[in-house]
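For the single chain, residues carry numbers from 1 onward in sequence order.
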Amino acid sequence: MNDLSNVSLRDEHCCSCNPIPRIFLYIVITLFVLGLSVSIFILIVVHNALFFVSLLLLSTLLLAFILWNTLNWKNKAAILFFLRSLPESDLSLARHGQLVKITGLASCGTVSLESSYEKATRCIYASTFLYEYQGFDLTPVNVKTSCFQWSLAYCERFATDFYITDRKSGVRAVVKAGSGSKVIPLVIESKLVNTTRQCRILSPDLRKWLRERNLSEEARLLRLEEGYVQEGSYVTVIGMLHRNNDIVMIIQPPEAISTGCLWRKLLLPVDIDGLILRVSQMAGPGMNQESVQHPGQ
């Protein structure tokens with residue numbers, strides 16, 4: 001079993017994988033301040049607003065480009081576009097060490113998972129996220145978080161080794177998503193609990209779940225989301241093919257893969273470091289795709 005919880009918490013406050021480096025932002029801000037000073041000087045002395053207007057127009061376009069890439073980075077848009085553009089592989093023809101994209105039926109290995117809140121069994125992947133709204137009347141969960149925003153207060157995210165049956169060739173392979181593997185799950189969590197300002201009362205089930213994890217049961221603004229992939233779901237996996245005698249395995253690539261510049265989408269390259277797991281469009285009932293209403297919601 002692979003515990004990805006610490007990775008999720010670190011990514012929540014980490015910008016190291018952001019396609020826009022911080023040093024680039026510092027340089028842009030410095031150049032903007034210098035350019036603004038010069039343009040205002042020219043506007044006052046020469047009475048020529050051309051340089052000032054050009055600076056504002058260029059700054060607006062650059063700011064829009066930066067915001068667009070940052071937003072799409074958070075939504076994993078570049079990774080999703082890369083996944084869709086990569087052709088599907090045939091396990092019967094793929095070579096050892098080749099990067100493959102396989103879509104097929106998932107089945108549990110020796111270890112299966114159970115989702116934390118809904119208790120869904122026979123899962124190959126499960127995640128539960130608890131978000132807390134930060135306001136003046138609430139004690140911050142993390143000193144680095146700002147007020148008046150949702151912040152990740154607690155998370156559980158696990159993956160395990162499982163089997164996938166290639167829908168093209170029928171070949172069955174072991175996907176090494178368990179302990180020691182880096183996994184990038186592209187699974188959308190469903191909103192199960194969402195307290196409001198008008199109703200902050202927590203349901204008995206939610207209180208029990210919080211108590212079992214030594215979390216505060218105080219009535220407050222909370223949002224609980226959960227996602228899981230059960231046995232019998234159609235999934236898409238991108239990884240490196242590894243053949244060992246008659247055993248076919250899909251493991252994480254030894255090096256990070258770059259999506260490259262996606263000029264049609266105006267997206268900068270993003271590094272993919274790990275095995276990609278996504279629920280296929282053919283997914284059946286093995287994935288919770290809709291929110292479930294709970295008492296106290």
If we ignore angles and hydrogens, is there a donor and acceptor under 3.5 Å between the side chains of Glu88 and Thr103? yes

Check ion pair Arg211-Glu217 (N to O, under 4.0 angstrom): yes

Do the side chains of Ile102 and Thr236 get nearer than 4.5 Å, heavy atoms only? no

Give a yes or no on whether a salt bridge exists between Glu225 and Arg223, defined as a side-chain N under 4.0 angstrom from a carboxylate O. yes

Could Arg213 and Glu156 be called an ion pair, given the rule that one side-chain N must be under 4.0 Å from one carboxylate O? yes

Would Val235 and Met249 show up in the same hydrophobic cluster when neighbours are defined by side-chain heavy atoms closer than 4.5 Å? no

Within-4.5 Å side-chain heavy-atom neighbours: Val174 and Val248: no

Does a donor on one side chain sit under 3.5 Å from an acceptor on the other, for Tyr133 and Arg220? no

With the threshold set at 4.0 Å, does a side-chain nitrogen-carboxylate oxygen contact exist between Lys168 and Asp90? no

Nearest non-hydrogen partners of Leu83 and Lys101, listed with the distance: O-NZ, 2.7 Å

Taking the basic N atoms (NZ, or NE/NH1/NH2) and the acidic carboxylate oxygens, is any pair closer than 4.0 Å for Arg122 and Glu114? no

Identify the heavy atoms of Ala256 and Asp273 that sit nearest to each other, and give their distance. CB-CB, 4.1 Å

Nearest non-hydrogen partners of Met240 and Pro253, listed with the distance: CB-CA, 4.2 Å

I need the minimum non-hydrogen distance between Cys108 and Tyr163, along with the two atoms involved. O-CD1, 3.6 Å

Can you name the nearest heavy-atom pair linking Trp68 to Lys265, along with the distance? NE1-O, 2.8 Å

